[in-house]
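Residue numbers begin at 1 in each chain, while the letters A, B, ... track the order of the sequences.
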Amino acid sequence: MIEKPLLLIVGPTASGKSSLAIKLARALDAEIVSADSRYLYRELEIGVAKPSSADLASVKHHLINVASLTNPWNLGLYKQSATQIISEIQLRNRLPILTGGTGQYVRSILQNWQIPSHGPVGQLREDLETIGDHIGFDKLYEILSALDPQAAANIDYRNHRRTIRALEVILSSGKKFSDLRDKEKPPYTTLIIGLELQREVLYARIDERVDAMISQGLVGEVQNLLDAGSGPALEAMRVIGYNEIITHLRGEISLEEAAALIKRNTRAYVRRQANWFKPTDPDIHWLNAQDPALFENALDLIESNFGIKPER
RNA sequence: GCCGAGUUAGCUCAGUUGGUAGAGCAUUCGACUGAAAAUUGAAGGGUCCACGGUUCGAGUCCGUGACUCGGCA
């Protein structure tokens with residue numbers, strides 16, 4: 001069987017991934033598969049810079065607004081759904097475009113991660129946290145080291161979350177965490193387009209975007225969520241832009257301070273995002289996001305890699 | 001003009017009884033297999049306002065000057 005094409009568009013938040021993807025999708029009659037952990041939730045709008053409903057309607061989008069904050073998704077669910085959706089699109093003989101800012105999600109598809117089938121076990125996770133609080137997370141890490149030295153070597157002892165996750169899998173499966181994870185060759189021919197933008201320019205765009213979010217009514221959106229009972233206790237609500245506004249609504253900081261914090265945290269986020277896709281990665285075709293010929297450059301790459309071009 | 005406080009990292013500031021400097025934030029780089037906009041690690045960065053003095057040795061003590069901020073005239 002010939003492997004079918006999958007186009008990936010990667011790059012930091014605010015680099016213009018979505019708009020490029022939409023233009024390409026229109027031109028090539030393609031469908032967009034989101035790889036953004038926050039677009040999954042229908043309650044989050046302004047603060048996550050979700051594409052407008054007009055944009056969403058103009059091209060077929062997948063994995064946006066498919067979940068509720070009270071029923072959070074995760075990597076395993078995402079990988080499973082995205083894989084299935086991609087193959088369905090390919091069966092329709094259309095090009096799937098995978099794009100989004102969640103590096104982990106993109107890479108799970110790109111490297112075809114074989115994720116442990118043992119999902120989060122609510123009670124066990126809580127228990128491990130409680131135990132950690134009592135005996136100290138250092139002890140918890142020592143236990144992990146004893147049970148699965150290889151997994152422990154891969155995790156910083158100060159990183160409680162990853163320590164707990166590894167123990168969770170070991171205790172619920174009876175197997176080593178490090179044995180349950182693997183990657184395989186993905187069943188696609190892939191082309192990865194990366195959008196690059198100077199940090200300075202990117203930071204300036206972020207500042208603008210945060211101010212715009214606030215004038216578009218981010219505070220109101222957060223207030224509505226709180227009124228509806230979606231508070232900071234929900235993991236999926238732990239989103240840049242929402243936390244800071246909640247702190248403001250509690251009267252602890254001014255709106256200006258909240259905006260400054262959102263900008264700061266978004267800049268840090270962008271730096272963390274960059275860890276997933278590096279300028280030195282030989283598999284990524286980096287294109288200048290500000291180049292007026294960006295769209296044409298992308299079309300050229302697609303044609304030479306996939307032999308697909310717009311119908312005229 | 002007089003009195004007081006101050007001047008140390010890009011910013012806000014610590015710095016004990018003198019032994020050539022620290023924090024937070026910022027900046028940069030890294031990890032990541034079912035919480036990932038999460039969680040987490042590391043690094044770079046200082047003529048300690050200037051000049052002189054005391055001292056083996058001054059960010060620290062003394063003097064002079066410059067600048068900043070208060071107060072009083």
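- Phosphate proximity of B:U27 to A:R264: absent, as no side-chain N or O sits under 4.0 Å from OP1 or OP2.
- Per the geometry, CD belonging to A:Q80 stands 10 Å off C1' belonging to B:G34, to the nearest Å.
- The phosphate of B:A26 has neither OP1 nor OP2 within less than 4.0 Å of any side-chain N or O from A:R267.
- Rounded to whole Å, atom C1' of B:A31 lies 11 Å from atom CZ of A:R181.
- Among the protein residues, A:Q273 comes within range of no part of the nucleic acid, since none of its heavy atoms lies under 4.0 Å from any strand.
- Across all strands shown, A:G47 has heavy atoms under 4.0 Å from base atoms, whether or not it also approaches the sugar-phosphate.
- Straight-line distance between the P atoms of B:C51 and B:U12: roughly 23 Å, to the nearest whole Å.
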From CA spacing to verdict: side-chain hydrogen bond (donor to acceptor under 3.5 Å, both in side chains), A:N154, A:Q150: CA-CA 7 Å; A:N154 212 19; A:Q150 206 181 327; over 6 Å; no
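- With P as the reference atom, B:G15 and B:U54 are 29 Å apart, rounded to whole Å.
- Checking B:U33, B:G30, B:A36 against the side-chain heavy atoms of A:R38 singles out B:A36 as nearest.
- In this structure, A:I89 and A:K4 have side chains that are not in contact, with every pair of non-hydrogen atoms separated by 4.5 Å or more.
- In summary, A:R38 and A:D36 do not engage in a salt bridge, as defined by a charged side-chain N under 4.0 Å from a carboxylate O.
- A salt bridge does not link A:R205 to A:E208: none of the charged nitrogens lies less than 4.0 Å from a carboxylate oxygen.
- RNA chain B lies under 4.0 Å from at least one heavy atom of each of the following residues of residues 155-164 of chain A: A:D156, A:R158, A:N159, A:R161, A:R162.
- Going from atom OH of A:Y269 over to atom C1' of B:U28 covers 19 Å, rounded to whole Å.
- Stem analysis of RNA chain B (Watson-Crick or G-U pairs, both distances under 3.5 Å, runs of at least three) returns B:1-7 with B:66-72, B:10-13 with B:22-25, B:27-31 with B:39-43, B:49-53 with B:61-65.
- Rounded to a whole angstrom, the distance from the P atom of B:U64 to that of B:G57 is 23 Å.
- Between A:R271 and B:U28 there is a side-chain polar atom (N or O) within less than 4.0 angstrom of OP1 or OP2.
- Using modelled atom types, one side-chain atom of A:K50 and one backbone atom of A:L44 make a donor-acceptor pair closer than 3.5 Å.
- When rounded to the nearest whole Å, the span between CD1 of A:I170 and C1' of B:U33 equals 13 Å.
- Atom pair A:N112:CG and B:U33:C1' shows a separation of 12 Å (rounding to whole Å applied).
- Within the 4.0 Å cut-off from OP1 or OP2 of B:G34, not a single side-chain nitrogen or oxygen of A:Y78 is found.
- Straight-line distance from the CG atom of A:L167 to the P atom of B:U33: 14 Å, rounded to whole Å.
- Across all strands, A:Y242 comes closer than 4.0 Å to no nucleic acid atom at all (heavy-atom distances).
- Counting non-hydrogen atoms under 4.0 angstrom, A:L75 reaches the backbone sugars and phosphates but no base.
- Among the nucleotides B:A31, B:A35, B:C32, the one closest to the side chain of A:K278 is B:A31.
- Nucleotides B:C11 and B:A26, compared at atom C1', are 7 Å apart to the nearest Å.
- Counting non-hydrogen atoms under 4.0 angstrom, A:V48 reaches a base of the nucleic acid.
- Proximity of A:Y188 to A:P5: side-chain heavy atoms (C-beta onward) are nowhere separated by under 4.5 Å.
- Distances were taken from every side-chain heavy atom of A:Y203 (C-beta onward) to each of B:A35, B:U33, B:U28; the shortest belongs to B:U28.
- Residue contacts for A:T102: at a heavy-atom cut-off of 4.0 Å it reaches the sugar-phosphate backbone alone, with no base atom in range.
- Each of A:A236 and A:R199 was matched to the nucleotide of RNA chain B holding its nearest heavy atom; the match closer to the 5' end belongs to A:R199.
- A:T266 comes within 4.0 angstrom of no nucleic acid atom, judged by non-hydrogen atoms across all strands.
- Tracing side-chain contacts under 4.5 Å through hydrophobic residues (I, L, V, M, F, W, Y), one reaches A:I308 starting from A:L287; they form part of the same cluster.
- Nucleotides B:A43 and B:G24 have their P atoms positioned 12 Å apart, rounded to a whole Å.
- Rounded to a whole angstrom, the distance from the C1' atom of B:G4 to that of B:U47 is 29 Å.
- B:U16 sits 33 Å from B:G1 when the P atoms are compared, rounded to a whole Å.
- Between A:W276 and A:N265, the residue whose closest nucleotide on RNA chain B is further toward the 5' end is A:N265.
- Taking the ring-ring contact (aromatic ring centres under 6.0 Å, His included) definition, one finds that A:Y78 meets it with A:Y105, sequence neighbours left out.
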CA sep, side-chain torsions, deciding dist, call: A:D207, A:R267, salt bridge (charged side-chain N to carboxylate O under 4.0 Å, His left out): CA-CA 9 Å; A:D207 289 352; A:R267 287 194 290 265; 3.2 Å; yes
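- Counting heavy atoms of neighbouring residues, nucleotides and ligands inside a 6.0 Å radius, atom CD of A:E257 exceeds 12 of them.
- Between A:N288 and A:E196, the side chains place no donor N or O within less than 3.5 Å of an acceptor N or O (distance only, hydrogens not considered).
- Phosphate contact (OP1/OP2 of B:A36, side-chain N/O of A:R107, threshold under 4.0 Å): absent.
- Note on A:E129: a base of the nucleic acid sits closer than 4.0 angstrom, heavy atoms only.
- When rounded to the nearest whole Å, the span between CZ of A:R165 and P of B:U40 equals 18 Å.
- To the nearest whole angstrom, the two C1' atoms, one in B:C61 and one in B:C3, are 23 Å apart.
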Working for side-chain hydrogen bond (donor to acceptor under 3.5 Å, both in side chains), residues A:Q80 and A:Q84: CA-CA 6 Å; A:Q80 207 179 329; A:Q84 187 178 342; over 6 Å; no
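- If you measure from atom CG of A:N243 to atom C1' of B:A35, you get 14 Å, rounded to the nearest angstrom.
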